[in-house]
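Okay, so here's the structure we're looking at.
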Amino acid sequence: MAAVLSPIEASKQLAAYTAVDTHVLPEHKLIGIGSGSTVPYVVDRIVAQGPAVNRDRVFLATGFQSQQLIVHAGLRLGDIEQFPELDVTIDGADEVDADLNCIKGGGACHLREKVLAEAAKTFVVVADYRKNSQLLGTNYAPGVPIEVSPFAMTSLLRNLAALPLPPVAVLRMARAKAGPVVTDNGNFVVDAVFPDGEMRDPVALLHKIKLLTGVVEVGLFCGIVKAAYFGNQDGSVTVKKEGGEVSTIAAAP
Ligand SMILES: O=C(CO)[C@H](O)[C@H](O)COP(=O)(O)O
């Protein structure tokens, strides 16, 4: 018997299934798989396309979690060095604004996520309705994830505090380990809550943060997303596309 999903899980699944059905076509052979709790539904739907279509596909991972997902699903794992150009990458998001700018990095994978997003001809994000907002920072409270070289962590916190509109910034701590979260690249993550004024221009903010010494990558994805799929509580899916088109696919009867 199929497990009964909670409303949030059902909306993640709906977004993921709709995005895969629309963007992962039989001719797509190189596919990036993102990180987070929505992405397993992406992999499930790709597996459901069948062994014939998946046999000659290669899947690239944004981190340890998606690597495990790919391997355990019996799909072929590849490396960005071998396959620097992908047909499509599908990933989760922490928040998406009206212009398809995103906060990503809630799972501390945003460096590799950005590499696979930029490598793809089409980058698509999937999420539940809570991630769909007008302005970044409205619904996602922890702030902008900033991956930083451990040696530069203290100086980054000082440099952030010295900005004209400083954020409230903290080193992300691990939950089931003493000490900080360590990324798949061996770095730390600082979460920085910026004033609304700064969040209104994510591109400018991204550039400002990127210039600070020791910053490896910033969890602001700007101008990369082609389409965002949000599963809604009523079973419909809201689709935001590059260029501003927003549509809602009605719930199945
Ligand atoms: O950016 C990410 C990890 O670094 C994830 O994609 C993001 O946190 C969304 O995860 P979820 O689908 O669990 O809400």
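As the structure lists them, so they are numbered: ligands from 1, and atoms in each ligand from 1. Just so it is clear, the structure is predicted and the values come from calculations on it, not from any experiment.
- Scanning for side chain to side chain contact (heavy atoms under 4.5 Å, CB included) contacts around Lys131 gives Ala127, Asp128, Phe230, with sequence neighbours left out.
- Ion pairing of Glu217 with Lys210 is present here, as a side-chain N (NZ or NE/NH1/NH2) and a carboxylate O approach within less than 4.0 Å.
- Side-chain contact check for Glu95 and Ser133: at least one donor-acceptor pair (N or O, by modelled atom type) lies under 3.5 Å.
- A donor-acceptor pair shorter than 3.5 Å can be found between the side chains of Asn232 and Thr238.
- The contact shell of ligand 1, taken as protein residues with any non-hydrogen atom closer than 4.0 angstrom, comprises Ser35, Gly36, Ser37, Thr38, Asp91, Gly92, Ala93, Asp94, Lys104, Gly105, Gly106, Gly107, Ala108, Cys109, Glu113, Lys131.
- Using a 4.0 Å cut-off between a side-chain N of Lys or Arg and a carboxylate O of Asp or Glu, Asp91 and Lys104 qualify as a salt bridge.
- Comment: Lys29 does not engage Asp87 in a salt bridge, judged by the lack of any side-chain N to carboxylate O separation of less than 4.0 angstrom.
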